[in-house]
There are 2 protein chains.
Amino acid sequence: MLMTAKIESFVMHCGEMGSRWGFNRTVGQMYGLLIIHEQALSAMQISEALNISRGNVSMGIKELQSWRLVQVHHKPKDRKEYYSPAGTIWEMATRVFEERRKREVDPTLSLLRDNLLDEPANEQELFAQEKMHEIHDLLETITHWAGELQSMSPDKLNTLMKLGAGVSKVIDMKDKFIKKG
Amino acid sequence: MLMTAKIESFVMHCGEMGSRWGFNRTVGQMYGLLIIHEQALSAMQISEALNISRGNVSMGIKELQSWRLVQVHHKPKDRKEYYSPAGTIWEMATRVFEERRKREVDPTLSLLRDNLLDEPANEQELFAQEKMHEIHDLLETITHWAGELQSMSPDKLNTLMKLGAGVSKVIDMKDKFIKKG
DNA sequence: CTGAAGTTTCAGTATTTTCTGAAAGTTTAA
DNA sequence: TTAAACTTTCAGAAAATACTGAAACTTCAG
């Protein structure tokens, strides 16, 4: 048996949350299992642990690979492929964010930009464009700052957090600094 | 006709993205329509604009209300209810974040905490707990910093962004400051 | 009260998404 | 070159999700 009750509860929870994070239940479970399991696992082991078909595992791995979330290993004298999560927890979170941005935010930004190029044809379109402009700017701001956070090490963030430094404080400081300089 | 071609493209896009942001296609379309439309709309108008049943609109409004994203209006001499988006774009984004955190992150944090209370029963569970701990800390850090960003006005963020201020630079600065002081 | 004008609910249906398992494809040792 | 050991693909089945429309419910003016 690959999972104790506690581990199973975590894996199933990843399944339920999985769809929220951009993949489906099974892919979520697979990912949870790989994270929680010290050794890399073969497709067959995954299929047995989660009670899903071998084909489904293959598709799930492919999906996780498209998110750059798994690594493949080979053992000597063994033809099977073994899978494990790629990178640290922080790196994985970063990748999920990035991929989601590509899939969710980028197309929206591009649609908004296209729409904003045209002249509004009437009152109604003028209002619509104003709103689209607001959304566009907001999305740009959010992706910018998200990128900033991602570029920092989690250790650094944690340390600062524990020092009680809120972003706002830090930024106030910067504000003063800029005005002074 | 309620929508020009350009407006329709935006509304349909919201439908496609909708499911990514936590609701379904129709609810996404409804929300897009309300945002882009200057006047508040009645359920019947929404139903006609989007070609969906009256019942579906009712369910969609209920869903949007559970996210605190719509406002109801009444017009004198008119029994119908009219709907419009609640608050500014920034406030709406903030609400979506908050609600998603409640639905996605909070349950995970609580599961992780529960699991971390128990003593690991073996080597395998020890490893699992270490990973869960990492995830737990990461989620806490992320929610903390997300909250910080949300608490700031978008204007301020934009201004700073345009000044070319990266968080990391700011934080380095603060770091030195702390060491000096 | 009554009934007109509206909203909500929900059983059944339609649509979309996911999963299975068998067939096709790939790789490698001999 | 063969065949065993493995992986991938994909058509069809199953499951999950969303939608419709008619009935039930609510509200309010007269």
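Scope of the values below: all heavy atoms of this structure, side chains included, with no hydrogens, waters or symmetry mates. In this text, all values refer to a predicted model and were calculated from it rather than measured experimentally. In what follows, chains carry the letters A, B, and so on, assigned in the order in which the sequence lines appear, proteins first and then strands, with residues in each chain numbered from 1.
- Between B:H74 atom NE2 and D:dT27 atom C1' the separation is 10 Å, expressed in whole Å.
- Residue A:A43 is the one, among A:A43 and B:R25, whose nearest nucleotide of DNA chain D lies closer to the 5' end (criterion: closest heavy atom).
- For A:R68, the CZ atom sits in a packed shell: over 12 heavy atoms of surrounding residues, nucleotides or ligands are nearer than 6.0 Å.
- One atom, CG of A:L41, and another, P of D:dT7, lie 13 Å apart when rounded to the nearest Å.
- The distance between atom CD of B:E81 and atom P of D:dC28, rounded to the nearest whole Å, is 10 Å.
- In this structure, NZ of A:K80 is placed 17 Å from P of D:dA4, rounded to the nearest angstrom.
- For the pair A:E125 and A:A121, the tightest heavy-atom approach, listed with the atom from each and the gap, is OE1-N, 2.9 Å.
- The separation between A:Y82 atom OH and D:dA5 atom C1' is 12 Å, rounded to whole Å.
- Under the 4.0 Å criterion applied to side-chain N and carboxylate O atoms, B:E98 and B:R95 are not assigned as salt-bridge partners.
- For the pair A:F23 and B:N56, both in contact range of DNA chain C, the more 5′-proximal nearest nucleotide belongs to B:N56.
- A:V27 and A:V72 fall within a single hydrophobic cluster, where Ile, Leu, Val, Met, Phe, Trp and Tyr are joined by side-chain heavy atoms under 4.5 Å apart, directly or via other members.
- Salt-bridge annotation for A:E99 and A:K102: present, with a side-chain N of the basic residue lying under 4.0 Å from a carboxylate O of the acidic one.
- B:N24 has a side-chain polar atom (N or O) that falls below the 4.0 Å cut-off from OP1 or OP2 of D:dC19.
- Rounded to an integer number of Å, the gap from A:N51 CG to D:dA14 P is 18 Å.
- Atom pair A:R79:CZ and D:dC6:P shows a separation of 7 Å (rounding to whole Å applied).
- Contact between the side-chain N/O atoms of B:R54 and the OP1/OP2 oxygens of D:dT20 is not found at any separation under 4.0 Å.
- By the 4.5 Å heavy-atom criterion applied to side chains, B:M3 and B:L33 are counted as neighbours.
- Along DNA chain C, read 5' to 3', the first and last nucleotides having any atom under 4.0 Å from a heavy atom of chain A are C:dT18 to C:dT28.
- The nearest heavy atom of DNA chain C to B:S42 and to B:M59 marks one nucleotide each, and the one closer to the 5' end goes with B:S42.
- Between A:L50 and A:V57, every side-chain heavy-atom pair lies at or beyond the 4.5 Å cut-off.
- To the nearest angstrom, P of D:dA18 lies 9 Å from CD of B:E63.
- Among the atoms of the strands shown, none is found under 4.0 Å from any heavy atom of B:M44.
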